[in-house]
Amino acid sequence: MTSRTAIVTGAARGIGAATAARLAREGHAVAVLDLLEDQATATAERIVAGGGRAIAVGVDVSDEAAVTAAVERVAAELGAPTILVNNAGILRDNLLFKMSLEDWDAVLGVHLRGAFLMTRAVQAHMVEARFGRIVNLSSTSALGNRGQANYAAAKAGMQGFTKTLAIELGKFGITANAIAPGFIQTDMTRATAERVGVPFDEYVTAATAQIPVARPGVPEDIAAAAAYFASEDAGFVSGQVLYVAGGPRD
Ligand code: NAP
């Protein structure tokens with residue numbers, strides 16, 4: 001297997017951290033990007049302690065200049081990135097009539113603007129290498145979810161963005177696919193439980209009752225799907241949305 005340079009955004013914790021660790025185990029050098037470099041450092045250090053190659057890079061993915069600088073640093077320190085996982089995300093849930101413009105803009109800014117800026121910066125390296133793997137994090141919320149007008153719009157947008165990347169970049173050996181997780185136990189879902197005032201274990205139990213495989217998702221479930229899309233073997237799979245939700249979604 002060819003060792004490549006991968007970038008995972010929002011990889012200080014949760015799904016991003018598990019995906020960074022998994023890609024490192026697959027033999028790739030991994031740039032662990034997150035808002036604050038010192039928060040990304042722990043993920044990078046775990047990878048290095050396990051015998052892998054990794055660096056931590058602080059970047060706000062919605063900041064154009066910061067994204068350009070971060071991708072240049074990754075290319076200089078680890079080599080040209082040809083795997084990109086757009087995972088950074090935030091929630092600012094509220095019912096539409098109470099949702100502020102700031103909360104709308106913040107969510108679309110991190111998910112959509114962030115994925116756009118990161119992908120635009122990294123694709124030049126992929127085109128030059130005539131190889132690329134782009135994996136975007138969508139969500140089952142793309143199908144609609146009460147209290148998440150901003151997040152659902154962003155996650156549905158990620159799907160259209162992914163399919164367009166697949167069409168535009170395919171001829172350069174680049175694939176683009178989206179993963180739409182269902183309920184995954186992370187700080188993000190913990191924060192949601194706190195916001196609605198339900199103890200996390202009760203929240204997990206209630207969510208699990210709706211999941212056909214009868215267990216909550218864990219970050220490694222998503223990391224495994226990302227590793228497949230990032231693999232050489234997945235070269236004829238592009239523009240797809242994979243629901244990783246313990247059961248069917250449509
Ligand atoms: P998480 O634990 O909250 O981790 C998200 C990471 O993204 C955090 O480390 C966060 O940093 C970082 N981040 C936020 N804004 C950023 C920015 N502007 N630039 C760079 N990094 C930023 O979330 P998660 O549950 O692992 O979710 C990961 C992805 O999966 C997200 O896109 C999410 O929407 C999606 N997803 C999650 C679930 C689920 O059930 N957990 C389900 C469907 C989809 P800070 O901590 O500093 O804010």
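Atoms considered below: every heavy atom in the structure, side chains included; atoms not considered: hydrogens, waters and symmetry mates. Atoms within each ligand, like the ligands themselves, are counted from 1 in listed order.
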Examine the side chains of [X] and [Y] and answer whether a donor and an acceptor come within less than 3.5 Å of each other.
X    : Y    : value
N177 : Q240 : no
N87  : T9   : no
S62  : D60  : yes

May I have the step-by-step check of side chain to side chain contact (heavy atoms under 4.5 Å, CB included) for D221 and R215, ending in yes or no?
-> CA-CA 12 Å; D221 291 319; R215 69 164 176 86; 2.8 Å; yes

E37 and R73 ion-paired at < 4.0 Å =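 Result for this pair is yes, salt bridge flagged.
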
Residues in the immediate environment of ligand 1 (any heavy atom closer than 4.0 angstrom) =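 Within 4.0 Å of ligand 1, protein side: G10, A12, R13, G14, I15, D34, L35, Q39, V59, D60, V61, N87, A88, G89, I90, V110, H111, L137, S138, S139, Y151, K155, P181, G182, F183, I184, T186, D187, M188, T189.
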
Could you tell me whether R4 sits above the aromatic face of F131, with NZ or CZ closer than 6.0 angstrom to the six-membered ring centre and within 45 degrees of the axis?
->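 Positive - R4 is close enough to the ring of F131 and near enough to its axis.
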
